[in-house]
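Whatever order the structure lists them in is the order used to number ligands and atoms, beginning at 1.
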Amino acid sequence: MLSSDTLIRNASVLDGSGTAPELLDVALCDGRIYEIGSSLACSAATIVDAEGMALAPGFIDVHTHDDISVVRAPAMPAKLSQGVTTVIVGNCGISAAPVKLRGEPPDPMSLLGARDDFCYPTFASYVAAIRAARPAVNVGALVGHTALRNNHMDRLDRTATEAEIERMRAQLGEALDGGALGLSSGLAYLSANAATTEEVLALARPLASAGAVYATHMRSETEAILDAMSEAFEIGRLSHVPVIVSHLKCAGIDNWGRSGEVLQALETAQSTQQIGCDCYPYAAGSSTLDLRQVDERVRITITWSTPHQEIAGQSLAQIAAEWNVTQLEAARRLQPAGAIYHSISEDDMRRILAHPATMIGSDGLPNDPRPHPRLWGTFPRVLGRYSREERLFSLPEAVHKMTAMPAQRFGLADRGLIRKGYCADLVLFDPEKIIDTATFTHPISPAEGIAGVWVNGVLSYTAQGATGNRAGRFLARGKTTWVQ
Ligand code: ZN
Ligand code: CU
């Protein structure tokens with residue numbers, strides 16, 4: 001008879017591939033999936049009766065800003081409580097490494113942490129810090145274009161010179177050698193907006209031979225979104241690198257209803273190159289407070305403000321009324337600040353979420369005192385609200401978008417599927433009950449319906465809460481595969 005560490009009996013196994021569930025036993029040993037079958041003859045130190053429960057590969061949050069959190073607050077309750085076992089950090093052009101600041105972190109690097117938190121001048125030093133911190137979830141890391149610009153340029157409101165690009169490339173190359181998953185950009189932000197397509201392309205080129213990806217918070221998500229998509233696809237096409245469009249959305253009331261043409265453009269590009277995207281399941285975005293996004297028709301909530309700390313949670317409209325100024329003027333006085341923008345149409349969001357190219361990424365901001373609810377709610381909301389209740393897609397499809405698809409696209413070897421020999425990142429949940437509880441008014445609230453979360457075979461979360469075990473690892477880049 002086989003012997004294992006943990007045997008999960010009679011689970012409805014959603015293996016991550018998107019196919020229909022099967023009633024199976026899954027045995028774990030030494031951090032890996034040891035055996036899968038019906039009525040396994042297997043002894044185990046721990047036996048879990050999973051009758052009525054669904055067992056899926058641990059969820060992969062492809063879009064996070066947990067760079068510094070995984071080191072400073074390694075318990076990661078916001079992620080573990082949703083069944084997330086891997087986070088990908090370094091999105092939107094901003095990463096904790098490699099970074100050398102000369103002063104305060106530029107916007108939006110300030111979203112990741114304060115000046116002292118940026119203490120990883122090399123990618124290797126960041127990897128060492130993750131290993132030493134032993135976070136509760138696995139970590140894969142992109143390198144931010146804005147972070148590289150910060151390291152090698154005296155000012156960020158211009159494009160980089162040849163010599164600067166050369167130094168950025170060398171530093172990116174070092175990170176890729178150290179296991180980075182790829183490059184991210186945040187071209188919409190003023191700290192990267194002056195970079196030309198050529199600058200980004202020069203940095204994207206070395207990704208091809210490394211088998212790495214290019215993820216982008218595009219130059220525009222509003223009026224000029226189609227131009228921004230063309231730019232992103234051109235960079236991918238000329239460099240022969242897969243492109244992942246970050247938090248794809250049609251932002252701003254004037255752009256509502258454009259998801260059809262946006263997805264059409266994505267599909268057209270998909271016929272000749274590798275393109276994917278991620279999306280969070282909410283009709284509101286969140287970032288630093290950007291004066292360009294202040295629109296009196298859009299409800300904007302302030303999440304933090306350095307000069308007015310007491311104001312977190314209030315709407316910009318209220319604040320402006322109280323101060324007897326325009327919203328734009330109030331936004332100026334609040335700087336630097338963070339905001340939630342209710343500027344996305346629910347219909348567009350649903351159409352993008354349901355598209356087969358779309359992976360799930362929370363874009364959660366762990367340092368916000370009053371974060372957007374996506375930080376705690378994204379994954380159970382996709383499963384409970386959008387799959388079970390709204391039937392936007394089947395449960396196997398929903399699981400596929402958060403497991404195998406991201407593992408294959410980002411090159412996370414042996415993860416994202418329930419297969420013999422794969423790493424034992426698993427989540428056990430009640431498919432009838434799983435739901436998010438985090439709201440815009442009470443954003444810090446764990447999901448309902450998660451029964452167990454194993455990270456590398458170690459039980460890390462149960463219905464009673466975190467077990468205190470932290471078994472996450474740094475995940476170096478493996479081989480990517482694209483099915484689209
Ligand atoms: Zn972004
Ligand atoms: Cu982001």
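Annotation: the span from T85 atom OG1 to D61 atom CG amounts to 10.5 Å, rounded to 0.5 Å.
No donor-acceptor pair closer than 3.5 Å links the side chain of E164 to the backbone N or O of R149.
Put simply, C92 gets within reach of the Zn ion (ligand 1), with an N, O or S atom under 2.8 Å from it. The Cu ion (ligand 2) has no N, O or S atom of H247 inside 2.8 Å of it. Taking backbone and side-chain atoms together, H217 has no N/O/S atom less than 2.8 Å away from the Cu ion (ligand 2).
Because its NZ or CZ atom is not both nearer than 6.0 Å to the ring centre of Y282 and within 45° of the ring axis, R374 does not count as a cation-pi partner of that residue.
Within D363, the N, O or S atom at minimum distance from the Cu ion (ligand 2) carries the name OD1. When distances from the Zn ion (ligand 1) to the N, O or S atoms of H217 are compared, ND1 comes out shortest.
We find that R72 and D116 are not joined by a salt bridge, their nearest charged nitrogen and carboxylate oxygen being 4.0 Å or further apart.
Draw a line from the Cu ion (ligand 2) to NE2 of H65 and another to SG of C92, and the angle between them is 110° (to 10°).
A tilted orientation is assigned to the rings of H247 and H63, their planes being inclined by 30° to 60°.
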